[in-house]
Amino acid sequence: MPTARPQCWLLKSEPDVFSYADLVRVGREPWNGVRNYQARNFLREMRAGDPCLFYHSNAKPAGVAGVARVCGEARPDDLQFDPASDFHDPRSTPDQPRWSMVEVEPVLAFAALVPLDTLRALPEWQDSPLTRRGSRLSVLPVTKEQFRAALRAAGVEGHDDLL
DNA sequence: GCCAACGTTGGC
DNA sequence: GCCAACGTTGGC
């Protein structure tokens, strides 16, 4: 059965490295450097228009900073072929790329970060890799209910068009 | 800065 | 195929 569209996602980024404000500044960003198979498989399931919660990890506090959107389907992550890159993977060849990326663009900056603690307190977020202790998954699917609950916690109204 | 939890690597 | 060692993530 095909996945219902749009599928919602959550993307983690360390704001010291790349924040939601950075995404707004650049307008569009390749989500490259993902080197985890589970996360990669989720990237490959993404389709243009899928909404993403943009999550600041390794931050004080950690939390969701805004909403982004997937620009198009996954394609090979260029960095895997670049020997000078930290994300170089000598096992990858252009014929047999191992890693994928999508591009994302900003949609909506939250007026204030929705902290992880706030999400943890929401019933919709009780069962998620994000709130599960020890989970390090950096790209994960989010239910529509979780997405809506996050928007509500951010005080955002009238954005059902995203879903 | 600490450290628990996790994924990956590599020896056997 | 097992599993110990290691490196990384990410909350605190």
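What you are looking at is a predicted structure, and each value in this text was computed from that prediction instead of being measured. Throughout, a chain's letter reflects where its sequence line sits, starting with A, and its residues are numbered from 1.
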Q: In B/S/- notation, 5' to 3', how is nucleotides 7-12 of chain C contacted by protein heavy atoms closer than 4.0 Å?
A: BBBBBS
Q: Name the one of Trp31(A), Phe81(A), Tyr37(A) that satisfies ring-ring contact (aromatic ring centres under 6.0 Å, His included) with Trp99(A)?
A: Tyr37(A)
Q: When the side chains of residues 150-163 of chain A are checked against the rest of the protein, which donor-acceptor pairs come out under 3.5 Å, sequence neighbours left out?
A:
none

Q: Would you please indicate if the ring centroids of Trp125(A) and Phe147(A) are separated by under 6.0 Å?
A: no
Q: In a table with atom names and distances, give each donor-acceptor pair under 3.5 Å that connects a side chain of residues 55-64 of chain A to protein atoms at least two apart or in another chain.
A:
{"residue": "His56(A)", "atom": "NE2", "partner": "Tyr20(A)", "partner atom": "N", "Å": "3.0"}
{"residue": "Asn58(A)", "atom": "ND2", "partner": "Glu14(A)", "partner atom": "OE2", "Å": "3.4"}

Q: Take Arg133(A) and Asn36(A), find for each the nucleotide of DNA chain B with the closest heavy atom, and name the residue whose nucleotide sits nearer the 5' end.
A: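 Looking at the nearest nucleotide for each, Arg133(A) comes out on the 5' side.
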Q: Please classify the nucleic acid contact of Arg91(A) as base, sugar-phosphate, or nothing, using heavy-atom distances under 4.0 Å.
A: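 Sugar-phosphate only.
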Q: So among Met46(A), Gln7(A), Glu105(A), which one has a side-chain contact (heavy atoms from CB on, under 4.5 Å) with Val70(A)?
A: Met46(A)
